[in-house]
Amino acid sequence: MGGAAAEAAQSRSRDHRAEADEPLRPTPTRPIRARSVRRSKSDPRTQAILVRADSPIRSAADLKGKRLAGTRGGWGQFLISATLEKAGIAPSEATFAPLNPVDAKVALMAGSVDAWAVWEPYVSFATLRDKARPIADGAGLTPTITLIVASDSAIATKRAALQDFLSRLDRARLWSLDHLDAYARNTAALTRLPEDVLRAAYTAQRTRPIALDDGVVTEVQEASDRATRYGILSRTLDVGRAMDRSFTAAASN
């Protein structure tokens, strides 16, 4: 979740939110009034750059001169920038097409873009239904961490309820790892997404809860600094200031 959910948590009209792999971004008119209280991590290969089955593109080295779709200001744009950098391709040597996942998939299948940077379950949907091919992924490039973010107000006044929620969420995450078929079946009934697509996505992701420790802060800080260098973030952020580790400590007791 992002966008409206992020604004709601900042404005205190919502106590918590899940923010997929994106650092809290304060602005001069919207200082941080929320903190990350828990995180989960997925396999970074589940963020990928996809091409059509009949595309001549075979690797990241072939992206030079191509039109690449992804979410502006998010991890689609980040994965494109990081992949080009790793391949030694300057940003000016490819064209970034800012598109949301639905429009990007249509554009890829129609041939109006050459590649598409996206995440699960879009990756599994495109590979299973449209025979798209991954030619690069987020391994070594993106943290693939989901934040559970709570408002400062909820942390201060609803700590017991928030801790209970986080504990339940951790147990549910661990249960899902051992019951992928049931997890996919139940989620398919709620979302109307194909069960086989969700099963493939969950199997690939292996999402698990992780502690808010120094390693996580360092990993996300490095990604945030790179996002600033790529021009995705307007300024450098201190990621550690947006973390509340007290819930991690409580969970380990």
Side-chain angles (χ1 to χ4, degrees), residues 1-2 5 9 15-23 35-50 74-76 78-79 101 117-129 132 134 136-150 160-220 222-223 239 243-253:
M1 293 167 63
D15 292 328
H16 67 273
R17 77 182 191 268
E19 187 72 11
D21 215 16
E22 182 176 342
R35 298 286 183 272
S36 176
V37 293
R38 191 77 100 246
R39 289 179 180 242
S40 61
K41 186 174 181 64
S42 303
D43 190 313
R45 291 171 295 182
T46 57
Q47 289 186 358
I49 295 180
L50 305 177
W75 292 94
F78 184 97
L79 181 58
V118 75
W119 53 89
E120 292 288 5
Y122 297 105
V123 171
S124 289
F125 197 106
T127 55
L128 290 174
R129 293 294 192 271
D137 59 47
L141 299 178
T142 63
T144 325
I145 292 172
T146 297
L147 303 77
I148 304 301
V149 177
L162 191 54
Q163 183 64 66
D164 179 65
F165 167 76
L166 294 172
S167 297
R168 290 171 184 265
L169 185 61
D170 283 353
R171 291 197 299 271
R173 278 290 184 199
L174 294 174
W175 175 89
S176 72
L177 291 174
D178 295 325
H179 302 84
L180 290 175
D181 287 344
Y183 183 33
R185 184 170 58 252
N186 292 337
T187 308
L190 291 171
T191 64
R192 305 292 180 89
L193 289 172
E195 186 176 330
D196 64 322
V197 168
L198 291 172
R199 186 185 302 109
Y202 296 153
T203 300
Q205 285 178 305
R206 301 296 298 176
T207 304
R208 63 201 182 280
I210 60 173
L212 276 176
D213 58 18
D214 290 343
V216 168
V217 173
T218 298
E219 185 176 11
V220 178
E222 289 175 350
V239 171
M243 308 286 183
D244 186 324
R245 304 194 199 187
S246 63
F247 292 92
T248 295
S252 64
N253 292 335

Engineer: Which atoms form the tightest heavy-atom contact between Arg199 and Thr203, and what is the distance?
Structural biologist: O-OG1, 2.7 Å

Engineer: Glu120 side chain to Ser124 main-chain N or O, any donor-acceptor pair under 3.5 Å?
Structural biologist: yes

Engineer: Hey, is the main chain of Ala184 close enough, under 3.5 Å, to the side chain of Thr187 for a donor-acceptor pair?
Structural biologist: no

Engineer: Could you note down all residue pairs passing ring pair (Phe, Tyr, Trp, His ring centres under 6.0 Å) where residues 182-218 supplies at least one of them, sequence neighbours left out?
Structural biologist: Tyr183-Tyr202

Engineer: Could you grab the distance from atom CG of Leu79 to atom CH2 of Trp119, nearest 0.5 Å is fine?
Structural biologist: 10.0 Å

Engineer: Inspect the contact between Asp196 and Arg185 and indicate whether a charged nitrogen and a carboxylate oxygen are less than 4.0 angstrom apart.
Structural biologist: no

Engineer: Between Pro121 and Leu193, what is the shortest heavy-atom contact and its length?
Structural biologist: CG-CD1, 4.2 Å

Engineer: Looking at CG of Leu177 and OG1 of Thr207, how far apart are the two atoms once the value is rounded to the nearest 0.5 Å?
Structural biologist: 7.5 Å

Engineer: Looking only at non-hydrogen atoms, find the nearest pair between Phe78 and Leu141 and report the distance.
Structural biologist: CE2-O, 3.2 Å

Engineer: Is Val123 close to Gln47 at the side-chain level, that is, under 4.5 Å between some pair of heavy atoms?
Structural biologist: no

Engineer: Verify the distance criterion only: is there a donor paired with an acceptor across the side chains of Thr144 and Ser42 at less than 3.5 Å?
Structural biologist: no

Engineer: Under the criterion side chain to side chain contact (heavy atoms under 4.5 Å, CB included), I'd like the reasoning laid out for Arg39 against Val220: C-alpha separation, chi angles, the key distance, then a yes or no.
Structural biologist: CA-CA 11 Å; Arg39 289 179 180 242; Val220 178; 3.0 Å; yes

Engineer: Does Leu212 reach the side chain of Arg38, with side-chain heavy atoms less than 4.5 Å apart?
Structural biologist: no

Engineer: Using the six-membered ring wherever Trp is involved, compare the ring planes of His179 and Trp175 and label them parallel, tilted or perpendicular (cut-offs 30° and 60°).
Structural biologist: parallel

Engineer: Identify, with sequence neighbours excluded, every residue that meets salt bridge (charged side-chain N to carboxylate O under 4.0 Å, His left out) alongside Asp43.
Structural biologist: Arg45

Engineer: Would you call Arg168-Asp164 a salt bridge at under 4.0 Å N-O?
Structural biologist: yes

Engineer: Can you tell me if Gln205 and Thr46 form a side-chain donor-acceptor pair at under 3.5 Å?
Structural biologist: no

Engineer: Rounded to the nearest 0.5 Å, what separates atom CG in Leu162 from atom CD1 in Ile148?
Structural biologist: 10.0 Å

Engineer: Can Leu180 and Arg206 be said to form a side chain to side chain contact (heavy atoms under 4.5 Å, CB included), step by step?
Structural biologist: CA-CA 9 Å; Leu180 290 175; Arg206 301 296 298 176; 3.5 Å; yes

Engineer: Hey, what do you get for CZ (Arg173) to OG (Ser40), rounding to the nearest 0.5 Å?
Structural biologist: 4.5 Å

Engineer: Output the distance between atom CG (Leu174) and atom CG (Asp178), rounded to the nearest 0.5 Å.
Structural biologist: 8.0 Å

Engineer: Side chain of Lys41, backbone of Thr146: donor and acceptor closer than 3.5 Å?
Structural biologist: no

Engineer: Distance check, rounded to the nearest 0.5 Å: Ser246 atom OG versus Arg35 atom CZ?
Structural biologist: 11.5 Å

Engineer: Got Val37 and Leu147 here, is their nearest side-chain heavy-atom distance under 4.5 Å?
Structural biologist: no

Engineer: Heavy atoms only: give me the nearest Pro101-Val118 pair and the separation to one decimal.
Structural biologist: CB-CG2, 4.3 Å

Engineer: What are the two closest non-hydrogen atoms of Pro209 and Asp170, and how far apart are they?
Structural biologist: CB-OD1, 3.4 Å

Engineer: Give the C-alpha distance, both sets of side-chain angles, the deciding distance and a yes or no for side chain to side chain contact (heavy atoms under 4.5 Å, CB included) between Val216 and Ile210.
Structural biologist: CA-CA 9 Å; Val216 168; Ile210 60 173; 3.7 Å; yes

Engineer: As a quick check of understanding, evaluate side chain to side chain contact (heavy atoms under 4.5 Å, CB included) for Asp244 and Phe247, giving each step before the final call.
Structural biologist: CA-CA 7 Å; Asp244 186 324; Phe247 292 92; 4.0 Å; yes

